[in-house]
Amino acid sequence: MRTKEIIEIINIYGINVVYVTLEKLHKRISEINSSLPINFTPLNSKEKKMFDKSKDQENFISKKPEIQFLDCDSVELENFFKISDPDLYLHTLQEIEPFSQSNIQPDVIYTMYIFLHEIGHYKQFIRLGNKVHAYINQDSELREKNYYDALNFHNSTQKHRSQYTLTEEIYSKKLLKDYRNIPMEKDADEFALNNLEEALNLYKSKI
């Protein structure tokens, strides 16, 4: 089933979702500093221009937050994570394992969890009064440290994960654990888990 179809069923949160096709993804991958197009962003491109020019960014309130999500088959989405980030993939499987007996395909459950994680960030943004500056600076020091720790690690190893030494394997998992324990990420994970059953019930009622 396509990710877009799944999300349209479970998106009861009133947020706009911008879908990125596989063709656009392949183009992004070839670009420098590309990232997976699955994320919550507190403002759209038009508002970003306004925010960048604002002289009072701390009080800038966004009215157009959105989630970017990959539009593909849910099996393709799961496989993409499995190949591109094995540690995160296995972590997510462990998180959703209690829901594996729901008679719904694992790739569909996986897609729901990934989407609900981004909704968790959306809820954080709402709690901050839709203030962009407050949201983007939330846990900024922890996020920045983890980013550069991971960047330095990957630059120093320069090899595929399958070739890691035991020490490198352990450190790679530590980086993921550290990231998942950043408060805003941990909160978004908890939101996804706490609302996954409702999403599954919505899905069952529509299929």
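These figures come from a predicted structure and were not determined experimentally.
In this structure, Asn130 and Lys63 have side chains that are not in contact, with every pair of non-hydrogen atoms separated by 4.5 Å or more. Side-chain contact between Phe115 and Leu77 is absent, with no heavy-atom pair separated by less than 4.5 Å. Using a 4.5 Å cut-off on side-chain heavy atoms (C-beta onward), Thr165 and Glu169 make no contact. Residues Phe40 and Ile15 are in side-chain contact: their nearest non-hydrogen atoms beyond the backbone lie under 4.5 Å apart.
A distance-only check finds a donor-acceptor pair linking the side chain of Ser140 to the backbone of Asn137 [under 3.5 Å]. Counting only distance, with no hydrogens or angles, the side chain of Asn11 and the backbone of Ile7 share no donor-acceptor pair below 3.5 Å. Looking only at distances, no side-chain donor or acceptor of Asn39 sits under 3.5 Å from a matching main-chain atom of Ile67. Under the 3.5 Å distance criterion, the side-chain polar atoms of Asp139 are left unmatched by any main-chain donor or acceptor of Leu142. The backbone N or O of Asp107 sits less than 3.5 Å from a side-chain atom of Thr111, completing a donor-acceptor pair. The backbone N or O of Leu70 lies less than 3.5 Å from a partner atom in the side chain of Thr3, making a donor-acceptor pair. Between the side chain of Ser54 and the main chain of Met50, no donor-acceptor pair closer than 3.5 Å is present.
The distance from the CG atom of Asn16 to the OG1 atom of Thr41 is 11.5 Å, given to the nearest 0.5 Å. Rounding to the nearest 0.5 Å places CG of Leu151 at 9.5 Å from OG of Ser156. Remark: Glu78 CD to Thr92 OG1 distance equals 9.5 Å, nearest 0.5 Å. For the atom pair His91 NE2 and Leu176 CG, the distance stands at 6.0 Å (nearest 0.5 Å). Taken from CD in Glu95 to CD in Glu190, the straight-line distance is 9.0 Å, to the nearest 0.5 Å. For the atom pair Glu118 CD and Tyr113 OH, the distance stands at 10.5 Å (nearest 0.5 Å).
Shown here for Ala150 and Leu175, the closest heavy-atom pair between the two residues is CA-CD1, 3.8 Å.
Phe153 is linked by a ring pair (Phe, Tyr, Trp, His ring centres under 6.0 Å) to Tyr164, Tyr171, counting only residues two or more places apart in sequence or in another chain. The ring pair (Phe, Tyr, Trp, His ring centres under 6.0 Å) search around Phe60 returns Phe51, not counting sequence neighbours. Ser62 pairs by the side chain to side chain contact (heavy atoms under 4.5 Å, CB included) definition with Leu43, Glu47, Pro65, Phe125, Val132, not counting sequence neighbours. In this view, Phe69 satisfies the ring pair (Phe, Tyr, Trp, His ring centres under 6.0 Å) rule with no residue, not counting sequence neighbours.
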Can I get a per-line list of side-chain donor-acceptor pairs under 3.5 Å for residues 179-186, giving both atom names and the distance, sequence neighbours left out?
residue, atom, partner, partner atom, Å
Tyr179, OH, Glu185, OE2, 3.2
Arg180, NE, Asp189, OD2, 3.0
Arg180, NH2, Asp189, OD1, 3.1
Arg180, NH2, Asp189, OD2, 3.4
Asn181, ND2, Lys177, O, 3.2
Glu185, OE1, His117, NE2, 3.0
Glu185, OE1, His121, NE2, 3.3
Glu185, OE2, His121, NE2, 3.4

Side-chain donor-acceptor distances from residues 196-206 under 3.5 Å, at least two apart:
residue, atom, partner, partner atom, Å
Asn201, ND2, Glu197, O, 3.4
Ser205, OG, Leu202, O, 2.7

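Linking ILVMFWY side-chain heavy atoms closer than 4.5 Å, directly or via other members, places Val18 and Ile38 in two distinct hydrophobic clusters. Hydrophobic clustering, with ILVMFWY side chains joined whenever heavy atoms are under 4.5 angstrom apart, groups Met1 together with Phe99. No chain of hydrophobic side-chain contacts below 4.5 Å, direct or via other Ile, Leu, Val, Met, Phe, Trp or Tyr residues, connects Ile136 to Ile61. Cluster membership check: Val75 does not share its hydrophobic cluster with Ile109, using side-chain heavy-atom separations under 4.5 Å among Ile, Leu, Val, Met, Phe, Trp and Tyr. Hydrophobic clustering (side-chain heavy atoms under 4.5 Å, transitive across Ile, Leu, Val, Met, Phe, Trp, Tyr) groups Leu90 together with Ile96.
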Q: Under the salt bridge (charged side-chain N to carboxylate O under 4.0 Å, His left out) rule, what do Lys145 and Glu141 come out as? Steps first, then yes or no, please.
A: CA-CA 6 Å; Lys145 181 181 184 306; Glu141 290 185 5; over 6 Å; no
Q: Apply salt bridge (charged side-chain N to carboxylate O under 4.0 Å, His left out) to Asp73 and Lys4, showing your working.
A: CA-CA 9 Å; Asp73 190 277; Lys4 184 176 181 179; over 6 Å; no
Q. How far apart are the C-alpha atoms of Phe81 and Leu93, what are their side-chain angles, what is the distance that settles it, and do they pass the side-chain contact (heavy atoms from CB on, under 4.5 Å) test?
A. CA-CA 11 Å; Phe81 275 95; Leu93 287 186; over 6 Å; no
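Counting heavy atoms of neighbouring residues, nucleotides and ligands inside a 6.0 Å radius, atom CG of Asn103 does not exceed 12 of them.
For the residue pair Asp187/Gln124, the side-chain donor-acceptor check at 3.5 Å is satisfied. Side-chain contact annotation: Asp56 with Asn59, donor-acceptor N/O pair under 3.5 Å present.
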